[in-house]
Amino acid sequence: MRAHHQSLQSGLLRCFLISALAVSGVTVLAEIVPAVFSSRVVLAATGNGSERAAPNLSGSTYHWNLNDTGLPLIDLPEHIGGGLDLSLTYSMDQFDFPLFQSLYYNERAGKYILMLIGKAEPSPQIGSMVRHAEFIDLVSVGGAGNFAANGKLNLRLQDKGGVKVLSAPEGTVYTFAALADGELHCSQISDRHGVVLNLRYTIDASLQTINDNSGRTIAFTYTDQSVSSITQTWIENSKRVRQTWAIPGEVRFAHAPGSTGTTIAPGAGFTHAKHIPSNAIKTTYTRAMATSDSQLAGIFGGPNAVAAANGFEPASLGHQYPLYRGDLIGDNGRILRGHLSFAMHLYGSVDGTGDTEVYVPPGFTMHSDEPTPTDAVVTFYYPRLGDLTDVTLAVFHVKNFCLTYEGGRVHIGSIGGPGGSLSSYRHSHLEFYRGNTGLPPLAARVQLRIDPVLVFGNPE
């Protein structure tokens, strides 16, 4: 694990370890992250049509009406909240499978990874119901094309003519097919009683409709690439009924931070958006935070640069790195610092695959002669930087290091240098420290770090 990735404190009580997670061939450095998810589910459902899911914070319950064709496919409340990416689920034994999630393939390890959500259970420490994320590994067994998970859940995965067929212990079969985005999305669910759900997607791999073999449908409408409404149709008393549930814009925006370049875009849709844990210090990505990120992208990056300095990464990074990396509050009330705590990422595009030049403001009086050999870090000392004085700026993962004054800024290279350079995931990592520190020892950085958004004005 790279030194600057070791930013979470040791007080983490509930965590899971993803080692060398590679999504679609993208290797991600090992990271420790919390596994506590809110029970604020508005669409969580059971798969047998009779049992109900654990309650959300309001006490309401919603479930699939698989065996009653006179009702809509799924119960919905009058008002739908956010977090649709992890709340629309189908029961898989003691877990729930989020239908918006992909089946990931770790090319390096030769295994598949399935993200599931544990059933809601009470947490005395938090005082509410919590849900835990589980990443299930399916490893190769018994010859080519056969994979299995043995442990908390007994799953079997087979490669059948271009589709992946996943069999759960209770008899439900899930079919996954590769779509235009290269990800394996669930296209069909068949239970042991003969009920079949078909999932259809748009040309850009966003979930469009779900229908069953009785003709009932669930349709999703997108605005700015995030779900803005859900429409259900069904037959009631021999008449076709159609009803639409709208999702307020402020709810959609709160969970879908996106491009932070010259315009503010709400993101790339809930198919890829990261889930925000219930114990996150910042649970909403506000327009003020998006404006702050846009400002920072304009200071440090090229025309298409995307900055993440307010704890939220672009929604499109969810399919490559689905884990939240902001600050959280532990069960003991202590703050658990994430990788993006008092740090900033600079990307060349909202999906992390683009390139961009890296710039720093003028006015520094000292700087590194060359990048460090491991993480390609360069440092700059400023008697004054933005709104603050006596500041050291450290830029990690700088490629093609140079110092050239261009249009009131100093060009120092491009993103994706050693330590952060992956085949299809490029970024630079920026940190600000109090004082003329150079690159501080790892143990000293936590106490010296300055929130990047405070350097150039607090968005709140």
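What you see below is based on every heavy atom in this structure, not just the backbone, and it leaves out hydrogens, waters and symmetry mates.
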**Item:** Ser187 side, atom OG; Leu207 side, atom CG - distance, nearest 0.5 Å
**Value:** 11.0 Å
**Asked** Any donor and acceptor pair, going by atom type alone, linking the side chain of Trp245 with main-chain N or O of Ser229 inside 3.5 Å?
**Response** no
**Item:** Test item: Val358 and Phe401 side chains (from C-beta on) under 4.5 Å apart, heavy atoms
**Value:** no
**Request:** Kindly determine whether Tyr201 and His185 satisfy ring pair (Phe, Tyr, Trp, His ring centres under 6.0 Å), including the steps that lead there.
**Result:** CA-CA 9 Å; Tyr201 296 81; His185 297 267; 5.2 Å; yes
**Request:** For the residue pair Phe364 and His367, categorise the inter-ring angle as parallel (less than 30°), tilted (30 to 60°) or perpendicular (more than 60°).
**Result:** perpendicular
**Asked** Are any of the side-chain heavy atoms of Ile113 and Leu138 separated by less than 4.5 Å?
**Response** no
**Request:** Tell me, with the steps shown, if Tyr112 and Leu184 meet side-chain contact (heavy atoms from CB on, under 4.5 Å).
**Result:** CA-CA 10 Å; Tyr112 289 89; Leu184 291 164; 3.7 Å; yes
**Prompt:** Can you tell me if Thr392 uses its side chain to pair, donor with acceptor, with the backbone of Thr437 under 3.5 Å?
**Reply:** yes
**Request:** Without swapping roles, check the side chain of Thr291 against the backbone of Arg287 for a donor-acceptor pair under 3.5 Å.
**Result:** yes
**Asked** Which heavy-atom pair separates Gly408 from Pro362 by the least distance, and what is that distance?
**Response** O-CD, 3.2 Å
**Prompt:** Between Asp293 (side chain) and Ala309 (backbone), is there a donor-acceptor pair under 3.5 Å?
**Reply:** yes
**Prompt:** Any side-chain heavy atom of Leu385 sitting closer than 4.5 Å to one from Val455?
**Reply:** yes
**Request:** Classify the ring geometry between His339 and His429 as parallel (under 30°), tilted (30 to 60°) or perpendicular (over 60°).
**Result:** tilted
**Asked** What are the two closest non-hydrogen atoms of Gly363 and Pro383, and how far apart are they?
**Response** O-CD, 3.6 Å
**Prompt:** Is a side-chain N or O of Ser228 found less than 3.5 angstrom from the main chain of Thr221, in a donor-acceptor match?
**Reply:** yes
**Message:** Taking the six-membered ring for Trp, are Phe95 and Tyr90 closer than 6.0 Å centroid to centroid?
**Reply:** no
**Item:** Met366 side chain near Phe380 side chain, heavy-atom distance below 4.5 Å
**Value:** no
**Message:** For Cys186 versus Ile189, what's the shortest heavy-atom pair and its separation?
**Reply:** SG-CG1, 3.7 Å
**Asked** Quick one: are Leu439 and Tyr433 in side-chain contact, heavy atoms under 4.5 Å?
**Response** yes
**Prompt:** Does Val377 offer a backbone N or O that forms a donor-acceptor pair with the side chain of Asp375 under 3.5 Å?
**Reply:** no
**Request:** Take Ile136 and Leu155, measure what side-chain contact (heavy atoms from CB on, under 4.5 Å) needs, and give me the verdict at the end.
**Result:** CA-CA 9 Å; Ile136 306 298; Leu155 296 174; 4.2 Å; yes
**Prompt:** Mind checking whether Asp355 and Ser414 have side chains closer than 4.5 Å, heavy atoms only?
**Reply:** yes
**Item:** Backbone of Val165 reached by a side-chain donor or acceptor of Thr175 within 3.5 Å
**Value:** no
**Message:** Quick one, Glu431 with Leu448, criterion side-chain contact (heavy atoms from CB on, under 4.5 Å). Give me CA distance, side-chain angles, the key distance, then yes/no.
**Reply:** CA-CA 10 Å; Glu431 295 186 358; Leu448 293 172; over 6 Å; no
**Request:** Measure the CG-CD distance between Leu103 and Glu183 for me, rounded to the nearest 0.5 Å.
**Result:** 9.0 Å
**Straight-line distance of Leu403 CG to His411 NE2, nearest 0.5 Å** = 10.0 Å
**Message:** Could you check whether any side-chain N or O of Ser368 sits under 3.5 Å from a backbone N or O of Thr379, counting only pairs where one atom can act as donor and the other as acceptor?
**Reply:** yes
**Fill in**
Value for CD1 (Ile299) from CG (Leu346), rounded to nearest 0.5 Å, stands at 11.0 Å
**Item:** Which atom of Gly348 lies closest to which atom of Ile415, heavy atoms considered
**Value:** N-CD1, 3.6 Å
**Prompt:** Step by step, would you call Arg409 with Phe300 a side-chain contact (heavy atoms from CB on, under 4.5 Å)?
**Reply:** CA-CA 9 Å; Arg409 296 190 296 173; Phe300 292 97; 5.9 Å; no
**Prompt:** Which atom names give the shortest non-hydrogen contact between Tyr381 and Val391, and what distance separates them?
**Reply:** CD1-O, 3.4 Å
**Prompt:** Is a side-chain N or O of Arg426 found less than 3.5 angstrom from the main chain of Gly417, in a donor-acceptor match?
**Reply:** no
**Prompt:** Does some side-chain heavy atom of Asn304 sit less than 4.5 Å from a side-chain heavy atom of Thr356?
**Reply:** no
**Item:** Asn310 vs Pro452 side-chain heavy atoms within contact, under 4.5 Å
**Value:** no
**Complete:** NE2 (His345) and NE2 (His427) are apart, to the nearest 0.5 Å, by 3.5 Å
**Message:** For Glu406, I'd like to know if atom CD has over 12 heavy atoms of other residues, nucleotides or ligands within 6.0 Å.
**Reply:** yes
**Asked** If you measure only the distance, is there a donor-acceptor pair under 3.5 Å linking the side chains of Glu313 and Tyr347?
**Response** yes
**Request:** First locate atom OG1 of Thr172, then atom CE of Met92, and finally report the distance between them rounded to the nearest 0.5 Å.
**Result:** 8.0 Å
**Request:** Using a strict cut-off of less than 4.0 Å between a Lys/Arg side-chain nitrogen and an Asp/Glu carboxylate oxygen, indicate whether Asp159 and Lys164 qualify as a salt bridge.
**Result:** yes
**Asked** Is the closest side-chain donor-acceptor distance between Tyr382 and Asp390 under 3.5 Å?
**Response** no
**For the student: nearest non-hydrogen atoms of Val306 and Ser349, plus distance** = CG2-C, 3.8 Å
**Request:** Sort out for me which residue in Leu88, Thr89, Leu166, Leu114 forms a side chain to side chain contact (heavy atoms under 4.5 Å, CB included) with Phe97.
**Result:** Leu114
